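Here is the structure we will look at.
Not measured: the values here are computed from a predicted model. Reminder, nothing fancy here: chain letters follow the sequence lines and each chain counts from 1.
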2 protein chains.
Amino acid sequence: MLDATSSYNPMDLRIPVDDRTGQLIVPETPRRTDRRPANRYGNRPTMKDVAARAGVGLKTVSRVVNGEPGVTPETERRVQEAIDALGFRRNDSARVLRKGRTASIGLVLEDLADPFYGPLSRAVEEVARAHGALLINGSSAEDPDREQELVLALCARRVDGLVVIPAGDDHRYLEPELKAGVATVFVDRPAGRIDADVVLSDNFGGARDGVAHLIAHGHRRIGFIGDMPRIHTAAERLRGYRAAMADAGIPVADSWMSLGITDPGRVRRAAEEMLSGPEPVTAIFTGNNRVTVTVIRVLAEQSRRVALVGFDDIELADLLQPGVTVVAQDAAALGRTAAERLFAQLDGTLIKPERIELPTRLITRGSGELPPED
Amino acid sequence: MLDATSSYNPMDLRIPVDDRTGQLIVPETPRRTDRRPANRYGNRPTMKDVAARAGVGLKTVSRVVNGEPGVTPETERRVQEAIDALGFRRNDSARVLRKGRTASIGLVLEDLADPFYGPLSRAVEEVARAHGALLINGSSAEDPDREQELVLALCARRVDGLVVIPAGDDHRYLEPELKAGVATVFVDRPAGRIDADVVLSDNFGGARDGVAHLIAHGHRRIGFIGDMPRIHTAAERLRGYRAAMADAGIPVADSWMSLGITDPGRVRRAAEEMLSGPEPVTAIFTGNNRVTVTVIRVLAEQSRRVALVGFDDIELADLLQPGVTVVAQDAAALGRTAAERLFAQLDGTLIKPERIELPTRLITRGSGELPPED
DNA sequence: TAGAGCCTGGACAACGTTGTCAGAGCAAGA
DNA sequence: TCTTGCTCTGACAACGTTGTCCAGGCTCTA
């Protein structure tokens, strides 16, 4: 069974004896058709090796390893001894192949380095851990192709379930997977063109409340800087902005809105533009944490005070001067809810896909309560 | 391995139903020795199914799926058609079993939600991706037992390699794995009692330079608040603090140092203590990002100005009043270096374990340049 | 037209594990 | 003594894939 071409391998020094008859095994060579895959990293002992060493059958080892009943203490001891001596570790790949489930779930998000996704990912991990599953994750970098590539790679690994923060807007490629029973929950943004569970923050309501807060403090010329509207959250937050303005009867000038990728350069230019000109904005609502950080920098350079409310909380927001008022979403709750729903699907207690919306929370710290200043 | 707390038990699913007939399984089957693992989520097509549908042999499907040569375009078309029609996706578990490599690596860190580990994790992921591998990660929550449990679970999955930010200080449990060829790199802290690759920041030098910076600005009574000294980084930073003080000929009072878990409550008390009393410190050196954040809060409440240098950079540190001077380590570089070393091990180009130390960088922003104020 | 060589396709074993089932050993009861 | 029933153990097939090897058909050359 072990490749005779390998160099010194302690595990290979067993005397070639037929363990039933006790006879030496004759070099009959019954037509070797296969070669062990070259393994320059050394071979690991298998249950068969353990069984041989302990002088028991293969299945008995399996029983001991899995804590199944029906093994005498004495036999168990012998097997355990062999396991320890050989450093045996069960090969879960083979186990998975046999059992059909992998006890692992996949998480596809945008960027693990983004402070918003860290706690989300951790929350998913904790739930997975409570259910005995491991977490495989990958970053899509906001690229739909990469998202698909990742998701399909995870499916090829036969993860039991998927938590996806989608980058793309067409997820029909997941249809065979769903049909095959891969539990799937989308988070933060809904799936595109398929019917699937989704857990969201109340982006619309949060943004509307945040903007209404500014309006309540006397602002009328309020800017909005957000992400590309093809991203669901960005579109919803923009909708919230528009709704708040409409509710207050304030017509919105096009020059007050900036939508696009949220790299610092563009955001900075956008902020500076809406702060200059004949009718500059007196307040800005920012569409996500990265935008907020950039705008804080821009505002710090301005001579006059400009009010600010940001979507997403940011660390140290309370220590800035003024403190940054934000619409906070609970990233951990998003992750936890999604993961719990995933395992509910796997338990079979869930039938119909649902859309769950978590509330946001307005945290006032000063920047959103500044009065308009012309 | 891991314990399950709910009815979803990934490894123990069975429904006594014959999946071909849909009938409950009755113990009358004479010849059937095995039962297909119950799969209430429907069965996925296999290469065999694809082969049957395309009217070709099994291996031909394998060839098409893997882009191997030796298939006529016409045959390939037929196979591809069947694949699409059935929604076939290769089962990588089986592939792994056969090939011996999993194309996945494990990352065990302390807490994915910590802003320090996000970029590190992302960097590891990028390198893994470049090598065609997926990343499985888990958080140890600074618990040695949980670290071991995670590492062994990853080994059972037969990850090709491990990147570990150790929580414990005895890693002899990894010896069989190392011997079996699991590539392993430790990051941020060295392994305990085994010889393994490790990538570190220059914690000692960074802390020494940071404290020397405070000394250069006239401080003599300098406090140090750090993590438990059993954590290598904490011990090294403390050593750096002591070295800088010793170099300047300043004797260190015990009351200036506080070491222990870095929860906000303890840190706050520690800071307040060293700021009161007959001989209060005029400057504080903080041992990690979480400590720094808490201390910033405490200092904001003080009437006098206290200088501060923190280990680890923090977001928005430049926007606070004053800006926070920090000793920055490059988390992404740590992750990248470790991952690259891991794949070098897998390539077989690496023989001997090494210790790599990355430099830190002092970033002056104001808080570290405040003069002493009594 | 035969022979050599290439191209394509398929049969088969093997990877390491677990489910099934049957057999061995043994004690208690008829 | 012979069942009967129970406990413990091991042989065997199967999970879905890939490596090896062989067969058959084809082309090309002599």
For the residue pair L112(A) and S121(B), what are the closest heavy atoms and their distance? CD2-OG, 3.0 Å
Does R98(B) make a side-chain donor-acceptor contact with the base of dT18(D), cut-off 3.5 Å? yes
In whole angstrom, what separates L86(A)'s CG from dG16(C)'s P? 14 Å
For Y173(B) and L152(B), run side chain to side chain contact (heavy atoms under 4.5 Å, CB included): C-alpha distance rounded to whole Å, both residues' side-chain angles, the deciding distance at 0.1 Å, then the answer. CA-CA 9 Å; Y173(B) 69 86; L152(B) 293 184; 4.0 Å; yes
Atom CG in L154(B), atom CD1 in I105(B): separation rounded to 0.5 Å? 10.5 Å
Answer yes or no: is there an ion pair linking K179(B) with E175(B), defined by an N-O contact shorter than 4.0 Å? no
Under-4.0 Å side-chain N/O to phosphate OP1/OP2 contact, K99(A) with dG19(C): yes
From CZ of R78(B) over to C1' of dG9(C), roughly how many Å is that when rounded to an integer? 11 Å
Restricting to side chain to side chain contact (heavy atoms under 4.5 Å, CB included), what partner residues turn up for A141(A), sequence neighbours left out? R146(A), R122(B)
So if I take every side-chain heavy atom of M47(A) and compare against dC15(C), dT18(C), dC15(D), which nucleotide ends up nearest? dT18(C)
Side chains of residues 59-67 of chain A: which donor-acceptor partners sit under 3.5 Å, not counting sequence neighbours?
unit_1: S62(A); atom_1: OG; unit_2: N66(A); atom_2: ND2; d: 3.4
unit_1: N66(A); atom_1: OD1; unit_2: R90(A); atom_2: NH1; d: 2.4
unit_1: N66(A); atom_1: OD1; unit_2: R95(A); atom_2: NH2; d: 3.2
unit_1: N66(A); atom_1: ND2; unit_2: S62(A); atom_2: O; d: 2.8

Starting at CZ of R157(A) and ending at C1' of dC15(D), how long is that distance when rounded to a whole Å? 18 Å
Can you name the residues that form a side chain to side chain contact (heavy atoms under 4.5 Å, CB included) with A344(B), not counting sequence neighbours? T349(B), L350(B)
Round to a whole Å and report the spacing from CZ of R89(B) to C1' of dT17(D). 17 Å
As a check of understanding: the bend across the helix from dT1(C)-dA30(D) to dA30(C)-dT1(D), end axes from five pairs, rounded to 10 degrees, works out to 60°
Whole-Å distance, L97(B) CG to dG19(D) C1', equals 14 Å
Minimal heavy-atom distance between P45(B) and F88(B), with the atoms involved, is O-CD1, 3.3 Å
Taking atom C1' of dC15(D) as reference, at what distance in whole Å does atom CZ of R44(B) sit? 15 Å
By side chain to side chain contact (heavy atoms under 4.5 Å, CB included) - contacts of E81(B) (at least two apart): R77(B)
Should R90(B) be listed as having a side-chain N or O under 4.0 Å from OP1 or OP2 of dT18(D)? yes
Minimum heavy-atom distance K352(A)-D197(A), with the two atoms named: O-OD1, 4.4 Å
When you match A94(B) and V71(B) each to their closest nucleotide on DNA chain C, which lands nearer the 5' end? V71(B)
Length of the CZ-C1' vector between R158(A) and dC15(D), whole Å: 12 Å
Answer yes or no: does a side-chain N or O of T75(A) lie under 4.0 Å from OP1 or OP2 of dC8(D)? no
Within this structure, what is the CG-to-C1' distance between N91(A) and dT17(D), rounded to whole angstrom? 14 Å
Describe the nucleic acid contact of S93(B) in one word from base, sugar-phosphate, nothing, applying a heavy-atom distance below 4.0 Å. nothing
Should T72(B) be listed as having a side-chain N or O under 4.0 Å from OP1 or OP2 of dG9(C)? yes
Return the residues of residues 56-69 of chain A meeting this criterion: a heavy atom under 4.0 Å from some atom of DNA chain D. Order them by number, or give none. V56(A), G57(A), K59(A), T60(A), R63(A)
